[in-house]
Peer 1: 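Let me begin by handing over the structure; questions about it come next.
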Amino acid sequence: MKRFAAVTLAALMLLTVFASAASAADVIEIRGPVYNGSDIDDIIDTYGDGTTLTIDATKFAAFYYDIDDNVTTETLSIVDKSDTKGNVIGKGGIVYTTKIQKVAYEYEKPSLGWSNYSLIGFFAEKYIPINPDKADKLAKLVMDSDDKYTLRTGEKLELGEGGEGYALEAKQVDVDGEKVWLEFTKDGELVDDEIISVGTGDNTWEVELDDIQDEDDVVVLRVHVNQVFQGAVDSIAQIEGIWLIDYANAMKIESDDEFGELNDVSIQGDTLNITNEDTFTLTRDSADEIAEGLFFKTADTSSNVLRFYAMKEITEPGTYEVRGQVASGTGDFTWDAANFAGFYYDLNDDVETESLSVSKLKGNVIDKGGLKYSTTIKNVDYEYSKPSLGWGKYPVIGFFAEEYIPINPDKADKLAKLIMDSDDKYTLRTGEQLDLGEEGYALEAKQVDVDGEKVWLEFTKDGEFVDDEIISVGTSNSSNTWEVELDDIQDEDDVVVLRVHVNQVFQGAVDSIAQIEGIWLIDYANAMKIESDDEFGDLDDVSIQGDTISITNEDTFTLTRDDEVEIGQGMFFKVADTPSTEIRYYPFVEKTLGEGTKEEPKEDLNKTEPEENKTVEEPTEGPTEGPTEGPTEEPTKPAETETTPEDTPGFGAVLGLVGLLAVVYLVRRNN
């Protein structure tokens with residue numbers, strides 16, 4: 001029996017190692033249009049021309065698109081082949097095509113030689129062809145900027161944001177204040193330098209290098225110097241106009257290259273075509289990678305329904321524009337989750353809640369009431385979808401491209417952000433905290449009973465006690481779920497703010513462990529109430545009708561050309577620099593990956609009191625339910641050295657290994 005207990009503990013320790021060491025990477029998903037049909041042939045017929053379905057940059061926000069010049073380079077097509085059927089795309093049925101195009105510099109000054117350059121999108125990244133007429137040798141575009149930079153002598157300007165190591169330094173300014181000596185470096189090493197004169201009008205420096213993928217005279221950097229100043233204290237060079245490519249990491253594409261499932265490469269001058277040599281299956285309830293971070297994501301549906309979209313998965317830190325379909329002209333236009341990737345969408349349940357429409361457009365001015373945003377409460381499945389255990393569906397509402405939960409499931413006026421909806425497994429030792437999101441919520445396994453059938457869990461916010469419960473796993477499965485209900489959340493009582501499902505509990509010789517699968521949590525502490533006199537940027541006429549919010553503009557709304565115009569709550573229109581007769585625009589939101597991404601709620605909404613001011617039930621002497629002899633100490637925060645598996649992946653792995661060594665010792669002793 002001891003040997004069995006030790007082996008069982010070893011298995012649980014292994015689970016702990018993997019659960020602790022693997023921290024889920026943050027991801028931004030930029031999706032294309034949603035396609036819905038009975039099978040792939042039906043979808044090609046419905047959304048394509050019967051033989052081909054093509055997605056370009058006007059519909060797929062991940063692909064490169066220049067709104068001013070209306071330039072796209074990439075398309076992804078699904079072609080009906082003889083072996084295309086059901087959820088299988090036949091051989092050669094996925095066709096990725098990209099073609100070199102000319103686009104204007106951000107610093108567009110044709111009279112100064114800054115007119116346009118060759119560019120090609122390559123799997124949703126911007127590249128520059130080394131040879132402007134051939135698509136086989138490419139370097140990433142690092143910088144294309146018309147921002148102004150002021151450099152003092154001896155000061156370095158880091159070029160780009162991806163840590164490529166390129167920099168520009170103003171070495172010296174001449175005594176007459178008409179020339180500056182600039183130096184271009186890569187990883188601190190000199191690449192080239194030049195003395196730029198601003199007195200003659202020839203203010204642009206082009207750095208040309210040889211042997212870039214066997215090509216010579218390749219322009220890798222362009223810099224325009226506006227003016228130079230020699231002062232009594234500082235010597236300064238003002239730069240406006242920088243263009244740079246990552247020549248050090250330029251690549252050559254050849255006919256035998258493979259890009260994931262796209263492995264049949266054809267290069268025809270300025271055009272690159274890549275197709276699949278083998279069939280490609282759209283696996284239900286899965287994201288299948290096509291190539292280079294480009295996926296088809298398919299819903300979990302029955303065999304007679306097929307629903308999917310193309311999407312680009314982004315993991316690099318930064319801020320990204322997630323746009324909707326491009327609208328042209330003065331006609332009416334409507335965006336929903338199918339053609340605006342920023343809006344909330346649940347693929348499995350085919351649920352969308354938001355729409356944005358433009359009507360009454362005259363020239364570039366939307367008349368009063370012509371800009372309308374609307375959203376309606378819908379029900380979706382929990383990620384931990386177990387209806388027999390009470391995990392069926394919950395109400396959700398998108399609000400300006402963020403996912404919220406209505407405090408009252410039938411009314412859209414009181415909302416809290418959804419923090420967590422997970423079916424991941426988490427293994428908690430007693431005394432260990434699991435951080436739930438970034439808002440200060442946490443779950444701690446306080447104790448496991450000696451019979452290994454119950455666990456005492458505690459829920460906290462910013463280290464302060466909120467609620468606790470003893471969860472029994474020895475009876476029916478339905479008792480394994482703990483619902484935390486709180487009162488006075490925006491004047492609503494009995495609001496479910498947290499749901500936790502405990503899979504199993506283990507009382508071992510070394511560790512006491514609770515395994516959790518199924519967590520759902522809302523940010524109740526920052527819940528907000530929407531009222532009829534609220535204003536959301538230029539959307540300031542609010543109507544709340546039960547489960548629906550509609551907001552329109554009380555004043556005219558101008559689509560200012562060559563500008564980004566805020567609609568409201570971080571949602572914008574980007575408008576092309578075109579004549580009024582050729583107006584072109586699209587909505588977008590920005591998604592940020594990395595630190596400093598926390599978004600504050602709008603200031604003029606009524607928030608609930610901060611957690612320290614809320615009235616919550618004080619902790620009793622021990623759990624609120626369970627044995628009469630419970631722990632008597634007040635719940636305390638863990639020691640500062642204690643971290644969660646998600647915070648410090650390596651720490652969890654080390655603890656797991658220590659436990660495993662203990663198990664080995666036990667097994668050997670028992671032998």
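Heavy-atom basis, side chains included; hydrogens, waters and symmetry copies ignored. Just so you know, residue 1 is the first one in the sequence shown, and it goes up from there.
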Peer 1: So which of L356, V322, V358 actually passes side chain to side chain contact (heavy atoms under 4.5 Å, CB included) with P587?
Peer 2: L356
Peer 1: S266 and Q268: which non-hydrogen atoms are nearest, and at how many Å?
Peer 2: OG-NE2, 3.5 Å
Peer 1: Kindly write out the residues that satisfy side-chain hydrogen bond (donor to acceptor under 3.5 Å, both in side chains) with S302, not counting sequence neighbours, or none if the list is empty.
Peer 2: N304
Peer 1: Write down the atom of N276, the atom of L262, and the distance for their closest heavy-atom approach.
Peer 2: N-CD2, 3.9 Å
Peer 1: Determine the interplanar angle of the F573 and Y585 rings, folded into 0 to 90°, and report it as parallel if under 30°, tilted if 30 to 60°, perpendicular if over 60°.
Peer 2: perpendicular
Peer 1: Any carboxylate oxygen within less than 4.0 angstrom of a Lys/Arg side-chain nitrogen, looking at D300 and R284?
Peer 2: no
Peer 1: Can you confirm if the aromatic rings of F122 and F259 lie within a centre distance of less than 6.0 Å?
Peer 2: yes
Peer 1: Can you name the nearest heavy-atom pair linking I397 to P406, along with the distance?
Peer 2: CG2-CD, 4.3 Å
Peer 1: Could you check whether Y524 and Y441 have their ring centres less than 6.0 Å apart?
Peer 2: yes
Peer 1: Between F123 and Y96, is the ring centre distance below 6.0 Å?
Peer 2: yes
Peer 1: Given the side-chain rings of Y35 and Y309, with only the six-membered ring counted for Trp, is the space between their centroids under 6.0 Å?
Peer 2: no
Peer 1: Under 30°, 30 to 60°, or over 60°: which ring-plane class applies to Y586 and F588, parallel, tilted or perpendicular?
Peer 2: perpendicular
Peer 1: Quick test of your reading of the model: are E29 and K297 salt-bridged, counting only N-O distances below 4.0 Å?
Peer 2: yes
Peer 1: To the nearest 0.5 Å, what is the distance between CD1 (I67) and CZ (R323)?
Peer 2: 8.5 Å
Peer 1: In Å, rounded to the nearest 0.5 Å, how long is the span from CG of D264 to CG of D278?
Peer 2: 10.5 Å
Peer 1: At their closest point, which heavy atom of L138 faces which heavy atom of I130, and how far apart are they?
Peer 2: N-CG1, 4.2 Å
Peer 1: Counting the benzene-type ring for Trp, do F343 and W335 have ring centres under 6.0 Å apart?
Peer 2: no
Peer 1: Taking everything shown except E316 itself, do over 12 heavy atoms lie less than 6.0 Å from its CD?
Peer 2: no
Peer 1: Measure the spacing between CG of D538 and CD1 of I551 and express it to the nearest 0.5 Å.
Peer 2: 12.0 Å
Peer 1: Around atom NZ of K312, are there more than 12 heavy atoms from other residues, nucleotides or ligands closer than 6.0 Å?
Peer 2: yes
Peer 1: Within 45° of the ring axis of Y382 and under 6.0 Å from its six-membered ring centre, is that where the NZ or CZ of R499 lies?
Peer 2: yes
Peer 1: Take the angle between the ring planes of Y404 and F399 and call it parallel below 30°, perpendicular above 60°, tilted in between.
Peer 2: perpendicular
